[in-house]
Amino acid sequence: MQFNNIIKEIAATDPEFPGRVHSRRSAMREFAGLGARISLAAMPLFIGSVFKKAYAQPSMGPVLEILNYALTLEYLESEFYATAITKGTALIPAGPATNAIQTISNHEAAHVSFLKMAITASGGVPVSKPNFDFTAKGTFGDVFTNYATFLAVAQTFEDTGVRAYKGRAAELVKGGDLLTAALNIHSVEARHAAHIRQMRKNNGFGDVKPWITGKDSGIGSVVQASYDGEDNTSQAGVNIVNINGQAISAAAASEAFDEGLSKDQVLAIVSPFFVS
């Protein structure tokens with residue numbers, strides 16, 4: 001089979017193939033010319049190089065770094081809820097509240113287990129679990145003795161977690177199944193955040209909605225870094241306020257879209273919770 005016929009057969013099965021290795025406009029024309037110029041002896045090596053370019057997997061280095069970054073955040077959340085559960089009803093009211101926190105704790109433990117397995121299966125080494133200080137150097141000194149403080153810290157962790165996954169998802173665009181898994185975790189973290197916010201609302205611990213309005217936390221300035229930037233009202237360069245003549249306030253525009261956090265922003269937020 002001639003080289004250009006091979007390319008045509010592959011392109012019939014994978015329409016994206018020509019574009020993977022050449023500019024789409026001239027791909028087939030260039031391949032036809034190449035077939036005539038490559039010697040028969042050199043053809044296997046050349047075809048191998050074409051396939052490597054078309055289907056080579058991206059380096060796992062950046063992907064593994066992101067997975068270990070996510071694992072560190074999941075360690076934080078998992079141990080936070082596990083510790084809270086050991087306090088029993090001295091911290092969390094019996095009934096629906098305890099059931100909800102237990103469910104969230106189970107989810108976070110599953111995230112930890114999955115990420116460790118995914119990192120190992122991808123040829124990486126999972127980072128070790130850090131030592132945590134959930135008082136944030138004394139800022140939340142009663143986090144495991146005061147239900148209101150516990151829920152406030154939980155909300156901050158969940159809201160930060162949602163923005164952390166969003167902030168780095170684009171870097172996993174070639175991560176295949178790992179990108180899908182990361183997005184699946186991201187949406188669950190968003191549900192945790194909404195539920196914790198509703199628990200705070202129901203207990204009168206803050207005038208909060210299940211979503212974020214502007215950059216308000218309902219907690220105070222001590223956690224403001226987790227919410228800075230959420231008051232953005234423009235998306236892809238388009239101002240959402242009163243878009244197309246609709247009565248959309250700045251608050252509503254900010255609620256309709258969530259913003260990601262960079263790695264440096266997230267590390268600055270959670271660093272106080274790590275034992276240095």
Side-chain angles (χ1 to χ4, degrees), residues 24 66 69-70 73-74 76-77 100 104 107-108 111 136 139-140 148-175 178-273:
R24 187 176 300 276
I66 295 170
Y69 163 83
L73 297 178
E74 295 292 350
L76 174 75
E77 292 181 308
I104 293 173
H107 292 169
E108 304 297 4
H111 293 168
T139 302
F140 303 104
T149 304
F150 165 71
L151 287 182
V153 175
Q155 177 191 304
T156 303
F157 284 165
E158 297 295 348
D159 284 339
T160 301
V162 172
R163 298 185 71 188
Y165 273 98
K166 184 192 300 294
R168 303 205 69 184
E171 298 175 63
L172 286 174
V173 68
K174 294 182 179 179
L178 294 177
L179 172 61
T180 301
L183 292 178
N184 290 344
I185 294 175
H186 167 263
S187 55
V188 171
E189 297 291 347
R191 293 189 177 96
H192 291 173
H195 195 83
I196 293 290
R197 286 171 155 270
Q198 199 64 53
M199 291 172 75
R200 293 190 66 235
K201 176 78 172 182
N202 291 344
N203 282 277
F205 295 155
D207 185 17
V208 292
K209 304 172 184 175
W211 48 83
I212 300 171
T213 302
K215 58 180 180 180
D216 297 335
S217 64
I219 297 173
S221 60
V222 70
V223 300
Q224 192 54 55
S226 293
Y227 297 90
D228 287 344
E230 283 284 25
D231 53 341
N232 178 36
T233 58
S234 294
Q235 300 294 327
V238 176
N239 183 15
I240 307 303
V241 177
N242 297 327
I243 188 171
N244 288 337
Q246 300 179 75
I248 298 178
S249 66
S254 72
E255 291 173 349
F257 297 85
D258 270 338
E259 308 298 326
L261 286 172
S262 71
K263 176 183 176 182
D264 288 345
Q265 289 173 313
V266 171
L267 293 180
I269 291 168
V270 301
S271 289
F273 295 95

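Quick note: numbers below take in every heavy atom, side chains included, and nothing from hydrogens, waters or symmetry partners. Note that the coordinates shown come from a computational prediction; the quantities given were computed from them, not determined experimentally.
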Under 3.5 Å: donor-acceptor pair, side chain of [X], backbone of [Y]:
X: S254; Y: D231; value: no
X: N239; Y: S234; value: no
X: R200; Y: I219; value: no
X: S221; Y: Q224; value: no
X: Q155; Y: S217; value: yes

Under the ring-ring contact (aromatic ring centres under 6.0 Å, His included) test, which residues partner [X], sequence neighbours left out?
X: Y69; value: none
X: H192; value: H107
X: F157; value: F80, F273
X: H186; value: none

Grab the two heavy atoms, one from [X] and one from [Y], that are nearest each other, plus how far apart they are.
X: A164; Y: L73; value: CB-CD1, 3.6 Å
X: T156; Y: S226; value: CG2-OG, 3.4 Å
X: A252; Y: S249; value: N-OG, 3.1 Å
X: A250; Y: V241; value: CA-CG2, 3.8 Å
X: I248; Y: A253; value: CG2-N, 3.9 Å

How about E189 and H111: does a side-chain donor come under 3.5 Å of a side-chain acceptor?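 Side-chain D/A pair, E189 to H111: present.
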
When you compare the side chains of Y227 and D159, does any donor N or O come within less than 3.5 Å of an acceptor on the partner?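 A donor-acceptor contact under 3.5 Å links the two side chains.
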
Could you please spell out the steps behind the side chain to side chain contact (heavy atoms under 4.5 Å, CB included) verdict for T139 and V222? CA-CA 8 Å; T139 302; V222 70; 3.1 Å; yes

Which pairs with one or both residues in residues 242-261 pass salt bridge (Lys or Arg N to Asp or Glu O under 4.0 Å), sequence neighbours excluded?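 As it turns out, the salt bridge (Lys or Arg N to Asp or Glu O under 4.0 Å) pairs with a partner in residues 242-261, which skip direct neighbours, are K209-E255.
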
Picking from L261, N184, T160, I185, what satisfies side-chain contact (heavy atoms from CB on, under 4.5 Å) with Y165?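 Of the listed residues L261, N184, T160, I185, the side-chain contact (heavy atoms from CB on, under 4.5 Å) partner of Y165 is I185.
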
Find the distance between [atom1] ([X]) and [atom2] ([Y]) and round it off to the nearest 0.5 Å.
X: R163; Y: E230; atom1: CZ; atom2: CD; result: 4.0 Å
X: Q235; Y: I243; atom1: CD; atom2: CD1; result: 10.0 Å
X: L267; Y: S262; atom1: CG; atom2: OG; result: 8.5 Å

Looking at residues at least two apart in the chain, or sitting in another chain, which of them share a side-chain hydrogen bond (donor to acceptor under 3.5 Å, both in side chains) with R168?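 R168: side-chain hydrogen bond (donor to acceptor under 3.5 Å, both in side chains) contacts with E65, E171.
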
